[in-house]
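Start at 1 and go down the list; that is how both ligands and their atoms are numbered.
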Amino acid sequence: MLNKKVEQELNQQVNAELYSAYFYLSMSAYLESINLPGFAHWMRIQVEEEQFHAMKMFDYINERGGRVVLTTIEQPKTEWKNVIEVAEDIYAHEQLVTSLINNLLDVAIEEKDHATNNFLQWFIAEQVEEEANTGNILNQLKMLEGKGNGLFMMDKELSTRVFVPPTTK
Ligand code: FEO
């Protein structure tokens, strides 16, 4: 049986992951509107990743005999100044998610929930990757000052990204 406090925190994280998907989908819409289809496509891939994260938590709560409770998803931002501002927001958001996962792990440790501690290790590693990936894109964009041929090349490169669901559970 899942510890009540841990269950509550996991439910909040399901909401946070679904919000991340919604936030990135909003970015995708904005990027389409400024003619960056490759960046828009990349954000669609990020949406799938976030949905995967949410469902991984959802399944875990059920597996442990807990109860998933879905709550309101906040409206995301809809306008940005330019693609650099979008990338800054993605990077900052991933850092925020890392802190949420770390707090969640702290609760699992305090509650001596070893199974949840073990489950969350996947997310800890995933966040290292997410921060590195989004941080790199932000840095590249800053080097190009978000414009010119370089931006066009980046957009082309990002249009080839595909979502590969992790095989490990
Ligand atoms: Fe679910 Fe991008 O962290």
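Contact annotation: the side chain of F123 never approaches that of L100 to less than 4.5 Å [non-hydrogen atoms, C-beta and beyond]. Here the side chains of M153 and L144 are not in contact, with every heavy-atom distance at 4.5 Å or above.
For atom 2 (Fe) of ligand 1, the set of nearby N, O or S atoms under 2.8 Å includes one belonging to E94. At a threshold of 2.8 Å, atom 2 (Fe) of ligand 1 has a backbone or side-chain N, O or S atom of E50 nearer than that distance.
When atom types are taken as modelled, the side chain of E111 and the backbone of V107 share no donor-acceptor pair closer than 3.5 angstrom.
Angle subtended at atom 1 (Fe) of ligand 1 by E17 OE1 and H53 ND1: 100°, rounded to 10 degrees.
Nearest to atom 2 (Fe) of ligand 1, among the N, O or S atoms that E130 has, is OE2.
Taking the six-membered ring where the residue is Trp, Y60 and F119 present parallel rings, their angle staying beneath 30° rather than reaching 60°.
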